[in-house]
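Below: one structure, written as structure tokens.
Convention: sequence-line order gives letters A, B, ...; per-chain numbering from 1. Every value quoted in this text rests on a predicted model; they were computed, and no experiment measured them.
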Amino acid sequence: MQQPVLNDRELVEMYQQGNEDCLTVLIERHQKRIFSAILFLVNNRELAEDIFQDTFVKVINTLKKGSYNEEGKFLPWVLRISHNLVIDHFRRNQRMPMVHDKEDYSIIESLQLMDDNVQDKIVKEQIYKEVRLLVEELPYEQKEVIILRHFADMSFKEIADATGVSINTSLGRMRYALINLRKVIEKKKLVLAA
Amino acid sequence: MYESSTTHDLILYYFNEVELSDTVLIQHEIDCNPETEESYQEIVQVMDHIDQCMVNPSSSVIKNILNYSHSLK
């Protein structure tokens with residue numbers, strides 16, 4: 001008989017009651033989205049992994065203290081923590097990642113191609129080259145709005161409140177992000193699946 | 001993509017942030033206007049592309065996190 005799938009809220013509650021396996025399930029469920037969101041912002045694997053780890057240290061501390069109150073919104077909550085840590089990092093270093101050093105670690109290096117056949121590798125490598133261009137060329141504010149809306153599932157109203165701009169500005173940033181991403185994709189003649 | 005107000009509507013539609021009545025109108029516009037449909041498909045394709053590029057952190061990071069949690073028991 002198939003086990004019912006527990007939702008995030010149930011997993012959080014069971015974890016707070018001492019079931020450590022529930023944290024494993026939550027991480028497995030959301031790790032790709034959370035890590036990718038961080039990586040898109042910082043474009044540096046080691047830094048992204050540090051921030052990912054720090055994010056979950058905060059998550060664990062909050063849950064263990066019983067002070068979590070974002071019912072049913074685990075993923076957006078975690079992504080907001082990670083986003084704040086990214087902002088803290090760049091504030092400490094007094095710069096935002098508008099321009100990236102070409103020698104920096106790129107997103108390509110974080111992708112695992114070991115299990116692919118040759119054809120898959122070629123296709124993936126082409127896509128990952130495009131991703132590096134996207135990550136490197138998109139202004140921070142435009143990456144930010146994509147991550148908060150698409151990865152964190154925050155509404156444009158919530159994004160506007162969180163980033164201190166109007167809804168129209170958030171929408172405008174998303175519009176320009178889409179235009180810029182499309183330009184990069186077209187420039188490289190990447191064929192996207194419809 | 002064409003005028004920004006229309007693009008904003010399509011963005012809101014893609015992310016399910018429009019009222020039901022507007023949803024019907026925008027869907028009708030997408031179905032009937034090739035230019036609108038093309039703009040909407042551009043949004044869908046770019047977002048799909050982002051989805052295809054998501055990656056996992058290393059297993060050692062996950063192990064560190066789980067070990068930290070266990071250490072607080």
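Residue-level contacts of residues 48-56 of chain A with chain B, in order of numbering, are A:Glu49, A:Phe52, A:Gln53, A:Phe56; threshold 4.5 Å between heavy atoms.
For A:Ile60, the part sitting under 4.5 Å from any heavy atom of chain B is the side chain, from C-beta outward, and nothing else. Only the side chain of B:Ile62 comes within less than 4.5 Å of a heavy atom in chain A; its backbone stays farther off. Contacts of A:Asp153 with chain B are absent, with no heavy-atom separation under 4.5 Å from either backbone or side chain. Proximity to chain B (any heavy atom under 4.5 Å) is shown, for A:Ile38, by neither the backbone nor the side chain.
Taking the six-membered ring for Trp and thresholds of 30 and 60 degrees, A:Phe74 and A:Tyr68 have ring planes more than 60 degrees apart, a perpendicular arrangement.
Salt-bridge annotation for B:Glu17 and A:Arg149: present, with a side-chain N of the basic residue lying under 4.0 Å from a carboxylate O of the acidic one. A salt bridge links A:Glu20 to A:Lys64: at least one charged side-chain nitrogen sits closer than 4.0 Å to a carboxylate oxygen.
Partners of A:Asn61 by side-chain hydrogen bond (donor to acceptor under 3.5 Å, both in side chains), not counting sequence neighbours, listed by chain and number: B:Tyr68. Every residue was checked against the side-chain hydrogen bond (donor to acceptor under 3.5 Å, both in side chains) condition with A:Asn7, not counting sequence neighbours, and none meets it.
With a 4.5 Å cut-off on side-chain heavy atoms, B:Pro34 and B:Glu38 do not count as touching.
Here salt bridge (Lys or Arg N to Asp or Glu O under 4.0 Å) pairs that include residues 21-44 of chain A, with residues two or more places apart or in two chains, are A:Asp8-A:Arg29.
Within 6.0 Å of CZ in B:Phe15 there are more than 12 heavy atoms belonging to other residues, nucleotides or ligands.
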